[in-house]
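The structure appears below as C-alpha cells.
For the single chain, residues carry numbers from 1 onward in sequence order.
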Amino acid sequence: MDEEDAFESQLEASEAMIRNVRGKVVLTEGFASPAIISLMDTCGAIGVIAINPGVDIHWGICTTIWGTPGTDDLPRKPTIPAAAVNFESGQALRKIAEDGGEATIFTEMEEGWFSSKLPEITIRGSEEPEKYVLLHGHLDSWDVGVGDNATGDASMLEIARVLWANKDKLRRSVKIAWWPGHSTGRYAGSTWYSDTFALDLDANCVAQVNCDSPGCRWATEFLNVSVMSENHDFLANVINDVCGKELHSERPHRAGDYSFNNIGLSGYLMLSSAMTDAHREELGYYAVGGCGMNIAWHTENDTLEIADKDILLRDIKVYLLAVFRNANAAILPQDWRATAKEFQETLKGYQSEAGEAFDLSPARAASDSLLAKIEAFYNGIDDGSVSETAGNTVIQELARILVPLNFNRSDRFRHDPALTIPPLPSVEQASKIAGGSTDMQGFGRTQLVRGQNHIIAGMRSAETLIERVAGIS
C-alpha cells in the first residue's frame with residue numbers, strides 16, 4: 001500500500017484485499033494511521049509494519065477510538081500489533097517479503113485506568129463572566145517534544161500571564177486548559193473535559209481555540225491552518241494585524257483535540273505557522289503533522305533547536321490577539337454567512353458527483369433559504385434592529401446546530417471515531433452513489449433520503465432560531 005492510501009479517512013476492504021492480507025503481517029508505506037490499522041484489522045491481518053518516509057521512525061497512536069471508550073466503542077479497539085520502521089529498514093523488509101520470508105512483531109502493552117493532572121486557568125471577564133473562550137493544547141508529548149507541544153504549552157502560559165494582568169479589560173472570561181492523554185490516549189484529556197463539562201460548554205462557551213506546535217523554526221507562513229468557515233475572516237484579520245501575513249486555511253481535521261465538535265463549538269487554529277512547501281522540498285522533508293513541518297515531529301529529535309524565539313513570540317501574539325478580540329467583541333465574530341455558503345458549495349459538489357442517481361435539490365433549496373435568513377440577521381445587527389444580546393445568543397446557538405451538522409456523524413455529546421469526516425457527512429453518500437450496482441444504488445438512495453431529511457431539519461431549526469430570538473421574519 002502506498003502513502004496516499006495510508007492517509008485516507010475512510011478505507012474500505014475489498015474481497016481481493018481480504019484474500020491477500022488475511023493471516024499475514026502487512027507492510028504499508030507511510031505512517032501507522034488509525035484508518036490503515038482499522039482496515040487491516042478488519043481484513044484479518046495479524047500485524048502491520050508501517051514504512052516511514054525517511055531516516056527517522058515516528059511515534060504515534062493507531063486506534064480510531066476518540067478518548068476513553070464507552071461500551072459502544074469497545075468493538076473498535078485494535079486487536080493487532082502495529083510497528084513503524086524507517087525507510088531503509090522498510091526496504092529491507094520489503095525484499096524479505098518479496099523473497100517469501102517471515103517477520104515477527106514483539107510488543108508490550110499497558111492498559112488500564114490512570115489518573116492525570118489537567119491544569120486549568122479561568123480568567124474572569126467583567127461584563128459576561130459566565131461566557132468564555134476556551135484556549136487549549138496538550139501537555140504531554142512524545143519524548144522531549146519541544147515543537148510538539150512544549151512551545152504550545154509555553155504560549156498558553158504566557159497568554160495566561162498577560163490576560164491575568166489585564167483581566168479588568170476582558171468582557172467575557174477566558175479558560176485555558178492543558179490536556180493530558182493526547183499522545184497515548186487519543187485526546188483522552190480533552191475528551192474527558194468535553195464529557196464532564198459538556199452542559200456548561202453547551203451553555204457558555206463561545207469558541208474553542210487549539211494551540212499546537214506554534215513557534216517552530218522556519219515556520220514563516222500560516223499555511224493549512226485549521227479554521228471553521230465562520231471564523232476565517234476574523235482570524236485572517238488577526239494574523240494580518242499581528243504580522244502582515246496571509247491566512248491559508250483548511251477545514252479542521254478530525255484530530256488535534258477538536259473534541260468539542262459534537263457539542264457544537266465553533267473553532268479555529270490547531271497547528272499555527274509552518275514552513276513553505278518550497279522550503280520543505282529544498283530540505284528534502286516530507287509532510288508531517290506538527291512542529292511547523294519539521295520532520296523531528298514525534299521523534300527523539302524534537303528538541304530545543306526546533307523552537308525559534310522570534311517565531312514563537314509572533315505566534316503567541318496571534319493567539320493572544322485572537323482570544324482577546326473574541327472575548328471582547330461586542331458582537332461575536334463568527335460569520336455564519338460563510339458557513340451557509342460553504343453548505344451551498346458542498347451540496348453543489350455532491351450533486352455533481354451523484355448526477356441523476358439522487359436529487360439533492362431540496363437540501364440545496366434549504367441552504368439557499370438559510371443563507372437568506374442569516375444575511376437578514378446580520379443586516380439587522382448592522383442597522384440596530386437586532387440587539388447585541390439577541391445577536392450574540394443567535395450566533396452562539398447557531399454553532400450548536402450548524403457545527404454538528406457539518407462535522408458530526410453521531411449524536412451530540414458522543415464522539416465520532418478518529419477518522420476524517422467530510423462536509424455535511426449525512427449526505428456524503430451522494431459522492432459514492434453513481435455507477436454502483438442496482439442494489440447499492442437502492443441502499444444509497446435510502447441513506448441519502450434520511451441524510452437529506454437530517455440536514456434540512458437542521459437548517460430549518462437554524463432559521464427558526466433566528467426568527468424566534470432575533471425577530472427576523
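- The closest side-chain heavy-atom distance from Asn406 to Arg251 is below 4.5 Å.
- Crowding of Arg460 atom CZ: a count of heavy atoms from other residues, nucleotides or ligands under 6.0 Å not exceeding 12.
- The two residues Asn210 and Gly256 make their nearest non-hydrogen contact at OD1-O, 3.0 Å.
- Here the side chains of Leu271 and Asn224 are not in contact, with every heavy-atom distance at 4.5 Å or above.
- Taking CG of Asp416 as the reference point, atom OG of Ser410 lies at 3.5 Å (rounded to 0.5 Å).
- A donor atom on one side chain and an acceptor atom on the other are found under 3.5 Å apart for Thr64 and Arg76.
- Using bins of under 30°, 30° to 60° and over 60° for the plane-to-plane angle, the ring pair His58/Phe31 lands in the perpendicular bin.
- A donor and an acceptor atom, one from each side chain of Glu463 and Ser369, are located under 3.5 Å apart.
- With rounding to the nearest 0.5 Å, the separation of OG in Ser183 from CZ in Arg186 is 9.5 Å.
- Of the possible polar contacts, none joining the Asn261 side chain to the Phe407 backbone as a donor-acceptor pair under 3.5 Å is found.
- His138 contributes a side-chain N or O that, together with a main-chain N or O of Asp140, makes up a donor-acceptor pair within less than 3.5 Å.
- With rounding to the nearest 0.5 angstrom, the CG atom of Leu398 is 10.5 Å from the CZ atom of Arg400.
- Taken to the nearest 0.5 Å, the CZ atom of Phe443 stands 11.5 Å off from the CD atom of Gln429.
- Two residues are said to be in side-chain contact when any heavy atoms from C-beta on lie closer than 4.5 Å; Phe343 and Leu424 meet this criterion.
- For the 3.5 Å distance criterion, the side chains of Thr79 and Asp41 qualify, holding a donor opposite an acceptor.
- For the residue pair Tyr268 / Asn326, a side-chain donor-acceptor distance below 3.5 Å is found, with atom types taken as modelled.
- Side chains of His136 and Gln208: a donor on one and an acceptor on the other come within 3.5 Å.
- In the model, Ser266 has a side-chain atom that pairs as donor or acceptor with a side-chain atom of Glu230 under 3.5 Å.
- Other residues, nucleotides and ligands contribute over 12 non-hydrogen atoms within 6.0 Å of the CZ atom of Phe197.
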For salt bridge (Lys or Arg N to Asp or Glu O under 4.0 Å), just list the numbers for Glu428 and Arg409, CA-CA rounded to whole Å, side-chain angles, deciding distance to a tenth of an Å, and then say yes or no. CA-CA 10 Å; Glu428 177 206 10; Arg409 292 189 188 276; 3.1 Å; yes
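- The side chain to side chain contact (heavy atoms under 4.5 Å, CB included) with Glu397 is formed by just one residue from the set Asn392, Leu465, Leu402, Ile466; it is Leu465.
- Minimum interatomic distance between Gly147 and Thr151 (heavy atoms only, all atoms of both residues): O-OG1, 3.4 Å.
- Aromatic ring centroids of Tyr258 and His415 lie 6.0 Å or more apart.
- Of the N and O atoms on the side chains of Ser367 and Gln344, not one donor lies less than 3.5 Å from an acceptor on the other residue.
- Side-chain contact annotation: Ser194 with Ser259, donor-acceptor N/O pair under 3.5 Å absent.
- A donor-acceptor contact shorter than 3.5 Å links the side chain of Asn379 to the backbone of Glu375.
- Here the straight-line distance linking atom CD1 of Ile159 with atom NZ of Lys317 works out to 12.5 Å at 0.5 Å rounding.
- The shortest non-hydrogen separation linking Leu265 to Leu201 is CD2-O, 3.8 Å.
- Interatomic distance, Asn204 CG to Lys131 NZ, rounded to the nearest 0.5 Å: 4.5 Å.
- Side-chain contact, Asp383 with Ser385: a donor N or O sits under 3.5 Å from an acceptor N or O.
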I'd like to know whether His248 forms a side chain to side chain contact (heavy atoms under 4.5 Å, CB included) with Val225, so could you lay out the CA-CA distance, the side-chain angles of the two residues, the decisive distance to 0.1 Å, and finally the verdict. CA-CA 6 Å; His248 299 272; Val225 177; over 6 Å; no
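- Checked against the 6.0 Å centroid criterion, the rings of Trp179 and Tyr187 do not qualify as a close aromatic pair.
- A donor-acceptor contact closer than 3.5 angstrom is absent between the side chains of Trp59 and Thr299.
- The aromatic rings of Tyr193 and Phe260 stand perpendicular to each other, their planes meeting at an angle above 60°, with 30° marking the opposite boundary.
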